[in-house]
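Keep in mind it's a predicted model, so treat the numbers as computed, not measured.
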Amino acid sequence: MAILSRDFYDRPTLEVAKSLLGKILIRELPEGETALRIVETEAYIGGDDKACHASKGMTARNRVMFGEPGHAYVYLIYGMYNCLNLVTEKNSFPAAVLIRAGEPINGEKIMMSRRSKAKKPCDIASGPGKLCAAMNITRELNGADVCIKGGLYVEDGLMVENVVVCPRIGVDYAGEDALRPWRFYDKNSPCVSKRAK
DNA sequence: GTCGTGATAGCCT
DNA sequence: GGCTATCACGACG
């Protein structure tokens, strides 16, 4: 399968978020290769989106979002969990897609060993913090290019047919922006973090 | 199965 | 000093 090119990310963020469903996230670890089929994403778009870190302007933490598309934006949340985002749209327009969940495709044992609490395959990466723990994605990867074969990249995959669109999770503080239907997931996947009502 | 709660540390004002 | 794009656990039934 081909690696997704930078052009894939240099598009409206909602399109990227939706078309990332079904794509394959690949992480190369010392123990071997791990891969997840992406089944859940969220879009965070620009300075006007109060749920987006960039809504308060550029800071040391979020500067990667303002840069070139096709790079990883990794940050720490709640003091304990990492979250993986893929930067979209042009330079100086801050936007990214949060990768929230995936189905194990390859290296399941490796990921399982990093997720001792997981009892079944779907527990491995059914949430952004879990996904990063399983693949050992840390802030060392902040700013990494995901359009070239390396420690972290994304390959093409089959498009998901039944996509559910609903509001984003955990952003109640964003007021009316919390209601925007900017979350996407594969209706047929058992591995999504949370289902809409 | 669903619900409520506390842990925890870097970032920003 | 207040906040946060979460997770896992225990109490229910």
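Contacts of A:Arg183 with the nucleic acid, taken as non-hydrogen atoms under 4.0 Å apart, are absent. Using a 4.0 Å heavy-atom cutoff across all strands shown, A:Arg168 reaches no nucleic acid atom at all.
Dashed line: the shortest gap from a side-chain N or O of A:Arg100 to OP1 or OP2 of C:dT6 is under 4.0 Å. Side-chain N/O atoms of A:Arg63 include none lying less than 4.0 angstrom from OP1 or OP2 on B:dC11.
Using Watson-Crick or G-U wobble geometry with both donor-acceptor distances under 3.5 Å, C:dA5 finds no partner in any strand shown. Applying the Watson-Crick and G-U wobble criteria (two distances, each under 3.5 Å), B:dT8 pairs with nothing in any strand.
When rounded to the nearest whole Å, the span between CD1 of A:Ile99 and C1' of C:dA5 equals 12 Å. Rounded to an integer number of Å, the gap from CG of A:Asp177 to C1' of C:dA5 is 13 Å. A:Leu84 places its CG atom 15 Å from the C1' atom of C:dT6, with the value rounded to the nearest Å. A:Asn82 places its CG atom 11 Å from the C1' atom of B:dG10, with the value rounded to the nearest Å. Regarding A:Tyr81, its OH atom lies at a distance of 11 Å from the C1' atom of B:dG6, rounded to whole Å. In this structure, A:Arg61 places its CZ atom 8 Å from P of C:dA5, rounding to the nearest Å. Rounding to whole angstrom units, CE of residue A:Met58 and P of B:dC12 are separated by 12 Å. For the pair A:Lys120 NZ and C:dA8 C1', the computed distance is 13 Å after rounding to whole Å.
For A:Arg139, the side-chain atoms get nearest to B:dC11 when compared with the rest of B:dC11, C:dA5, B:dA7. Taking every side-chain heavy atom of A:Lys56 into account, B:dT13 is the closest of B:dC11, B:dT13, C:dT6. Closest to the A:Lys130 side chain, of the nucleotides C:dA5, B:dG10, C:dA8, is C:dA8. In this structure, of B:dC11, C:dA5, C:dC9, it is C:dA5 that holds the atom nearest to the side chain of A:Tyr73. Nearest to the side-chain atoms of A:Ile169 among the listed nucleotides C:dC7, C:dA5, C:dT6 stands C:dT6. Distances from the side chain of A:Pro128 to the nucleotides C:dC7, C:dT4, B:dG10 place C:dC7 closest. Of all nucleotides listed (C:dA5, B:dT8, C:dC7), B:dT8 comes nearest to the side chain of A:Met80.
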Check step by step if side-chain contact (heavy atoms from CB on, under 4.5 Å) holds for A:Leu36 and A:Leu131. CA-CA 9 Å; A:Leu36 292 171; A:Leu131 186 150; 3.7 Å; yes

Test A:Arg114 against A:Asn136 for side-chain contact (heavy atoms from CB on, under 4.5 Å), laying out the working first. CA-CA 8 Å; A:Arg114 294 184 177 281; A:Asn136 198 27; 3.7 Å; yes

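Ranked by how close their nearest DNA chain C nucleotide is to the 5' end, A:Lys119 and A:Cys52 are led by A:Cys52.
Under the 4.0 Å criterion applied to side-chain N and carboxylate O atoms, A:Asp123 and A:Arg115 are not assigned as salt-bridge partners. Salt bridge annotation for A:Arg183-A:Glu40: present, with a cationic side-chain nitrogen under 4.0 angstrom from a carboxylate oxygen.
Applying the 3.5 Å distance criterion, the base of B:dA7 shares no donor-acceptor pair with the side chain of A:Tyr78.
Checked against the 6.0 Å centroid criterion, the rings of A:His53 and A:Tyr75 qualify as a close aromatic pair.
Partner A:Glu42 forms a salt bridge (charged side-chain N to carboxylate O under 4.0 Å, His left out) with one of A:Arg100, A:Lys18, A:Lys194 and no other, that one being A:Arg100.
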